[in-house]
Amino acid sequence: MTDEIETQARHLLGATLTRGDVTVRITEVEAYGGTGDPASHAFRGPTPRSEIMFGPPDVLYVYLSYGMHYCANVVVGADGDASAVLLRAGEVVRGVETARDRRGGVPDVRLARGPANLTSALGITIEQNGATLDGPQVVLHRDAPIPAEAVSAGPRVGVSRAADVPWRFWVTDDPTVSAYRRSPRAGDAEPL
DNA sequence: CGCAGGATTTGCT
DNA sequence: GCAAATCCTGCGG
């Protein structure tokens, strides 16, 4: 189970997510286990918000964070298993002008840096919650996997519980991934 | 029915 | 570097 979610998370790196005329190449993700992960929204069992994660995989789980930002996950667990992978950052590879428009004048490498910025660049909102990944709203292509030696792993960001599990994965040295600040001195960033 | 907190980002002290 | 913005979700009474 945990092996499976890690495999799924790593496999999403390098994949491309498209909505409308904007395409993002995913460079940073975080894995969330199902009911066994205290940091997951699925931890307390199915709720109106999290029930989408308990359904079939390959759909989007979108939620509103801090009352103002949207974050997008790919549901990966089999039907009944509430695992999901949070999309934390990416590189805009198509529709850059549209993305710039939505993000208002930030440097290109920051267009989709951070989970809420990524959804903003793609124009993803709660409307896309539950959308299937083979269209028509969003399309995911997992055909450009990142070699394992080019992937780093570390503790998850912004998580209060279970922050010890190295379930954040990113493309090593990719400019669209930030060296995150609030990690007091966790021994992260070990290339695998 | 009311309360506390959150998988964040941005701007200013 | 720190604190505010802002509202929905989940839990307790």
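Residue numbering restarts at 1 for every chain, and letters A, B, ... go by the order of the sequence lines.
Distance A:R44 CZ to B:dG5 C1': 11 Å, rounded to the nearest Å. Whole-Å rounding puts the A:M68 CE to B:dG11 C1' distance at 13 Å. Protein atom NE2 of A:H69 is 15 Å distant from nucleotide atom P of C:dA4, rounded to whole Å. Between the OH atom of A:Y63 and the P atom of C:dC8 there is a distance of 15 Å, given to the nearest Å. Rounded to a whole Å, the CG atom of A:L118 is 13 Å from the C1' atom of B:dA7. For the pair A:Y61 OH and C:dC8 C1', the interatomic distance rounds to 11 Å; values are reported in whole Å. Atom CZ of A:R49 is separated from atom C1' of B:dA7 by 9 Å (rounded to the nearest Å). A:I52 places its CD1 atom 17 Å from the C1' atom of B:dA7, with the value rounded to the nearest Å.
Look at A:Y66 and the base of B:dG6; the rings stack, centres closer than 5.5 Å and planes less than 30° apart.
For the pair A:R103 and B:dT10, the criterion of a side-chain N or O lying under 4.0 Å from OP1 or OP2 is met. OP1 or OP2 of B:dA7 lies within a sub-4.0 Å distance of a side-chain N or O belonging to A:H41.
Looking at A:T16 and A:T23, their side chains never bring a donor and an acceptor atom within 3.5 Å of each other. Between the side chains of A:R110 and A:N117, no donor N or O sits under 3.5 Å from an acceptor N or O.
Of all heavy-atom pairs spanning A:A31 and A:A9, the tightest one is CB-CB, 4.0 Å. Shown here for A:V62 and A:T125, the closest heavy-atom pair between the two residues is CG1-O, 3.5 Å.
Listed in residue order, the members of residues 123-130 of chain A having a heavy atom less than 4.0 Å from DNA chain B come to none.
In this structure, A:A39 reaches the bases: a heavy-atom distance under 4.0 Å links it to at least one base atom across the strands shown. Using a 4.0 Å heavy-atom criterion, one finds that A:L64 contacts the sugar-phosphate atoms exclusively. At the heavy-atom level, A:N73 lies under 4.0 Å from base atoms of the strands shown.
Salt bridge A:D21/A:R94: absent, no basic N to carboxylate O contact under 4.0 Å.
Counting only Watson-Crick or G-U wobble pairs whose defining distances are both under 3.5 Å, the stems of 3 or more consecutive pairs in DNA chain B are B:1-6 with C:7-12, B:8-12 with C:1-5.
A:R102 places a side-chain N or O within 3.5 Å of a backbone atom of A:A121 that can act as its donor or acceptor partner. The backbone N or O of A:V109 lies less than 3.5 Å from no partner atom in the side chain of A:E91, so there is not a single donor-acceptor pair.
Screening A:V22, A:T176, A:V106, A:V24 for a side chain to side chain contact (heavy atoms under 4.5 Å, CB included) with A:L111, the sole residue that qualifies is A:V106.
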Evaluate side chain to side chain contact (heavy atoms under 4.5 Å, CB included) for A:R156 paired with A:Y32, printing each intermediate quantity in order. CA-CA 9 Å; A:R156 291 180 290 188; A:Y32 283 86; 3.3 Å; yes
